Amino acid sequence: MRDSWGIHPTHQWLSNRGYAVLSVNFRGSTGFGKSFINASKNEWGGKMQTDLIDAVDWAIGEGIADPNRIAIMGGSYGGFAALTGLTQTPKKFACAIDLVGISNLLSFLDTIPEYWKTWKSLYRTRLGDYTTEEGRAFLKERSPLTHVGKIEKPLLIVQGGKDVRVKPPESEQIVSAMQDHGIPVTYGLFPDEGHGIQKMHNRRAYHAMVELFLAKHLGGQQEAVGTDLEGSSLQILAGRDLIDGL
């Protein structure tokens, strides 16, 4: 996958609320040739993350971004990157939003469904060899869950209860670990969603929650929740009091 030029609803919504939005084609993104894809080998939580940090530093240097008001936000791998941002560079971001993100590379690989076996062999090459002791140690070191105690900034985690790619325990285990460390976290579960938020009534609730979270920590514009939560399956299982107006 890659980011491309065009109109993207999420970007337009965030721009309307006063945020500069930067999407990065970090190494491993498709459409730039095989060597660019292969440059991502064993770089989850490594140089792929460094590419994001380099982009942030560029935006700061260009005067586009305020270094004290930057969020990192993403889904799936983007959720992993958001968690990695808070654990590897705890002072870089003012807050983070993780949507169906991977917190533990080992548990992610161990729970891949049978029909994803071809992907699992690819992940063995791209992420790290989960079949060897050395490879599993490498994957553990690269997992945000391993470094959860380093989190300093506000975090919103959102999960689909029916996700078979990144299953609910990926979110549950890092929420539990943060609570064990006494670190505040907000956790929202949509029981009837899968790998992403698709149902319109749930999307309204998701965007309302994200908007309030970002407004609190970055200072952008926000709308009152109003009826946005009505009809949604959203369950706030932790940290509801951490988002004003929710």
Side-chain angles (χ1 to χ4, degrees), residues 1-11 14 20-62 64-65 67 70-90 92-93 96-147 163-166 170 195-196:
M1 298 295 293
R2 61 179 288 191
D3 287 302
S4 57
W5 178 257
I7 296 177
H8 300 280
T10 298
H11 297 62
L14 292 172
V21 183
L22 178 61
S23 295
V24 182
N25 280 313
F26 46 83
R27 68 195 69 200
S29 300
T30 58
F32 300 97
K34 185 177 289 186
S35 62
F36 194 76
I37 292 176
N38 289 338
S40 68
K41 181 178 179 180
N42 294 337
E43 294 299 344
W44 281 44
K47 292 179 181 178
M48 291 167 71
Q49 192 72 19
T50 301
D51 290 342
L52 300 180
I53 300 300
D54 287 345
V56 170
D57 289 341
W58 171 84
I60 293 171
E62 291 292 311
I64 296 170
I70 297 174
I72 182 168
M73 170 181 174
S76 195
Y77 174 83
F80 168 83
L83 295 175
T84 301
L86 288 197
T87 52
Q88 282 192 5
T89 51
K92 194 74 175 177
F93 300 99
I97 299 171
D98 155 30
L99 171 63
V100 296
I102 300 155
S103 68
N104 183 344
L105 293 173
L106 289 172
S107 59
F108 165 66
L109 291 168
D110 288 341
T111 58
I112 284 178
E114 285 297 307
Y115 60 87
W116 263 41
K117 276 191 171 180
T118 52
W119 275 98
K120 194 168 183 177
S121 62
L122 177 63
Y123 284 145
R124 181 179 177 181
T125 300
R126 290 280 170 80
L127 273 68
D129 191 350
Y130 52 85
T131 65
T132 67
E133 185 175 342
E134 180 182 5
R136 292 182 72 83
F138 171 78
L139 290 166
K140 181 179 179 181
E141 175 60 25
R142 287 289 178 88
S143 297
L145 183 64
T146 302
H147 309 285
D163 195 341
V164 297
R165 300 185 191 180
V166 180
E170 286 301 313
H195 195 58

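Along the sequence shown, residues are numbered consecutively beginning with 1. Every value quoted in this text rests on a predicted model; they were computed, and no experiment measured them.
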Closest non-hydrogen atom pair, G85 against Q49: N-NE2, 3.4 Å
Provide the closest heavy-atom pair for S121 versus Y130 in the form atom of the first, atom of the second, distance.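 The pair with the smallest heavy-atom distance is N-OH, 4.3 Å.
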Tell me yes or no: between the side chains of E141 and T146, is some donor less than 3.5 Å from an acceptor? no
Salt bridge (Lys or Arg N to Asp or Glu O under 4.0 Å) pairs, two or more places apart, involving residues 24-34: R27-D51
Enumerate the residue pairs fulfilling salt bridge (Lys or Arg N to Asp or Glu O under 4.0 Å) with a member in residues 121-135, sequence neighbours excluded, ordered by first and then second residue.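 Every pair satisfying salt bridge (Lys or Arg N to Asp or Glu O under 4.0 Å) with a residue in residues 121-135: R124-D129.
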Is the NZ atom of K120 crowded by more than 12 outside heavy atoms at less than 6.0 Å?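 Yes.
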Taking R142 for its side chain and N42 for its backbone only, find out whether a donor-acceptor pair lies under 3.5 Å.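 Yes; at least one donor-acceptor contact below 3.5 Å.
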Kindly determine whether I102 and W44 satisfy side chain to side chain contact (heavy atoms under 4.5 Å, CB included), including the steps that lead there. CA-CA 11 Å; I102 300 155; W44 281 44; 3.7 Å; yes
Straight-line distance of I64 CD1 to L22 CG, nearest 0.5 Å: 7.5 Å
CG of L139 to CG of N104, rounded to nearest 0.5 Å, is 9.0 Å
Residue list, side-chain contact (heavy atoms from CB on, under 4.5 Å) with D110, at least two apart or on another chain: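 side-chain contact (heavy atoms from CB on, under 4.5 Å) check on D110 returns R136.
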Suppose the criterion is side chain to side chain donor-acceptor pair (under 3.5 Å): which pairs have a residue in residues 71-89, not counting sequence neighbours?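 The answer is S76-H195.
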Go through the structure and list residues passing ring pair (Phe, Tyr, Trp, His ring centres under 6.0 Å) with Y123, not counting sequence neighbours.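 Applying ring pair (Phe, Tyr, Trp, His ring centres under 6.0 Å) to Y123 gives F108, W119.
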Test ring pair (Phe, Tyr, Trp, His ring centres under 6.0 Å) applied to F93 - qualifying residues, sequence neighbours left out: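 Expected list: none.
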